[in-house]
Asker: 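Once you've had a glance at the structure underneath, I'll fire off some questions.
When a ligand or atom number is given, it counts from 1 through the structure's own listing order. Just so it is clear, the model here is predicted, and its values are computed rather than measured.
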Amino acid sequence: MALIELRNISKSFEDTQVLDNFNLTVNENEFITLLGPSGCGKTTTLRIIGGFETPDEGQVFFEGVDITNVPPNKRHLNTVFQKYALFPHMNVEENIAFGLKISGKSDAYIKDKIKYALKLVNLDGFEKRKIDRLSGGQQQRIAMARAIVNEPRVLLLDEPLGALDLKLRQDMQYELIRLKNELGITFIYVTHDQEEALTMSDKVVVMNKGYIQQMGTPEQIYNEPENAFVADFIGDSNIVDGIMVRDKVVKICDTIFPCIDDGFGQNKPVDVVIRPEDLIIGKPGQGHLDGEVVHNVFQGVHYEMEIEAGGFLWLAQNTTSYPVGTKVSLEVEPENIQIMHKPQSEGEEAIEIDV
Ligand SMILES: Nc1ncnc2c1ncn2[C@@H]1O[C@H](COP(=O)(O)OP(=O)(O)OP(=O)(O)O)[C@@H](O)[C@H]1O
Ligand SMILES: [Mg+2]
């Protein structure tokens with residue numbers, strides 16, 4: 001049985017529909033991430049799960065029991081909000097201890113827990129520090145510590161690492177994964193950072209404008225995006241119009257490419273996704289398309305280049321640098337050509353992409 005289930009949830013604020021017939025299941029001990037652009041309904045979804053927002057339609061289930069009308073403090077969930085609400089007049093220790101005191105834990109237990117939690121978030125010895133004497137990132141980590149000590153069945157985290165610098169964010173990502181494995185907590189995590197989502201999650205839910213665009217493992221989301229929105233949102237991509245001539249043959253930029261997809265019919269317009277790292281750069285005449293390098297930047301691991309070929313500006317990544325002005329050819333292995341049908345359903349019409 002699913003641990004949490006959202007069934008046919010709809011939610012509007014005034015005349016804006018934020019969620020439209022939204023369905024989601026979360027399994028026990030799963031790390032699930034809601035990923036999508038600003039305003040797509042991530043926080044609203046999390047608040048509905050936490051009980052801080054009531055859906056207009058639909059139900060929320062916890063272990064099969066309808067909890068739609070159960071108040072937040074009666075749900076086995078703990079939330080770290082996007083705007084972490086620490087008590088400014090209390091010090092760090094008092095903030096972390098707050099929930100534990102309410103649930104009647106002993107002083108010794110609470111002291112232990114605080115020490116453990118502060119170590120976990122890299123703030124050893126900060127017990128007596130006043131909240132307003134902490135940096136934004138430190139406050140964010142205290143908010144995490146406060147949620148963790150309660151050992152909830154489910155942790156709802158709304159962009160909890162947003163205010164941290166890259167190194168600390170990566171450390172915290174590993175800590176969270178470790179917590180999940182050690183404590184068996186289920187995580188529902190919100191971020192608009194695709195890399196963070198791919199690193200941490202068992203399951204990623206890509207959202208846009210209140211609709212789920214795709215749900216799957218990080219590998220599925222990255223390697224087999226189901227539509228152009230997902231492909232565009234997850235990593236850099238070349239998304240180009242194509243015609244599926246017949247099974248396993250697609251025409252891109254008026255050129256025939258062999259691919260491995262079938263079942264799209266004959267001469268059907270499709271979206272084609274090719275990852276920048278999958279473009280093979282060769283000498284003119286060697287590949288499918290001839291073109292010219294028009295932009296080149298070194299990015300540490302590779303060179304990122306823009307190549308004009310077949311009337312399209314291709315984004316390519318390669319460990320070899322081809323200077324601006326170099327005449328090249330482009331080729332793609334059939335299995336690296338991802339074919340997607342053009343948007344048809346209502347949900348997909350919410351997709352807006354600027355290619
Ligand atoms: N209390 C509210 N009253 C009116 N509109 C709201 C309210 N809360 C959210 N909204 C609107 O609902 C939409 C979704 O908001 P939500 O906070 O869920 O987005 P989000 O995906 O979390 O975005 P972000 O990444 O910016 O945090 C937005 O258009 C927002 O303006
Ligand atoms: Mg939000």
Asker: Give every residue pair that meets the side chain to side chain donor-acceptor pair (under 3.5 Å) criterion with at least one member in residues 103-119, sequence neighbours excluded.
Answerer: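 Only Lys113-Glu151 qualify under side chain to side chain donor-acceptor pair (under 3.5 Å).
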Asker: Is the shortest N/O to N/O distance between Thr43 and ligand 1 below 3.5 Å?
Answerer: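 Yes.
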Asker: Between Thr43 and the Mg ion (ligand 2), is there a contact where an N/O/S atom of the residue lies under 2.8 Å from the metal?
Answerer: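 Within the cut-off used here (under 2.8 Å), Thr43 does place an N, O or S atom near the Mg ion (ligand 2).
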Asker: Under 4.0 Å between a side-chain nitrogen and a carboxylate oxygen: does that hold for Arg153 and Glu63?
Answerer: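 Glu63 and Arg153: salt-bridged.
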Asker: With a cut-off of 4.0 Å, which atoms of ligand 1 are near a heavy atom of Gly41?
Answerer: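 What qualifies from ligand 1 is 14 (C), 18 (O), 19 (O), 20 (P), 21 (O).
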Asker: If I apply the N/O under 3.5 Å rule, does Gly39 come out as touching ligand 1?
Answerer: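 N/O-N/O distance below 3.5 Å exists for this pair.
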Asker: Cys40 versus ligand 1: do any nitrogen or oxygen atoms come within less than 3.5 Å of each other?
Answerer: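 By distance alone, the answer is yes.
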Asker: Parallel, tilted or perpendicular: which describes the rings of His89 and Phe87, with under 30° parallel and over 60° perpendicular?
Answerer: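 Geometry flag for Phe87 against His89: tilted rings.
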Asker: So does Asp202 pair up with Lys180, basic N to acidic O under 4.0 Å?
Answerer: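 Counted as a salt bridge, because a side-chain N and a carboxylate O are separated by less than 4.0 Å.
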Asker: Can you sort out which atoms of ligand 1 are near Val18, meaning under 4.0 Å from one of its heavy atoms?
Answerer: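 Answer, ordered by atom number: 12 (O), 13 (C), 14 (C).
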Asker: Closer than 3.5 angstrom, by distance alone: can the side chain of Thr217 be matched with the main-chain N or O of Gln220 as a donor-acceptor pair?
Answerer: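 Yes: the side chain of Thr217 pairs with the backbone of Gln220.
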Asker: Do any N/O atoms on Ser38 end up under 3.5 angstrom from N/O atoms on ligand 1?
Answerer: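 Checking ligand 1 against Ser38, an N or O pair does fall under 3.5 Å apart.
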Asker: Quick one: which residue pairs count as a side chain to side chain donor-acceptor pair (under 3.5 Å) with a foot in residues 320-332, not counting sequence neighbours?
Answerer: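 Listed once each, the pairs are Glu292-Lys327, Asn296-Ser321.
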Asker: Does the distance from a Lys or Arg side-chain N to an Asp or Glu carboxylate O, for Asp236 and Arg275, drop under 4.0 Å?
Answerer: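 Looking at Arg275 together with Asp236, the answer is no, because their closest N to O distance does not fall below 4.0 Å.
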Asker: Can you confirm, on distance only, whether ligand 1 has an N/O atom lying under 3.5 Å from any N/O atom belonging to Thr44?
Answerer: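 Yes - when backbone and side-chain N and O of Thr44 are compared with those of ligand 1, one distance drops under 3.5 Å.
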Asker: Could you list the atoms of ligand 1 found under 4.0 angstrom from a heavy atom of Glu159?
Answerer: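 Numbered from 1, ligand 1 contributes 25 (O).
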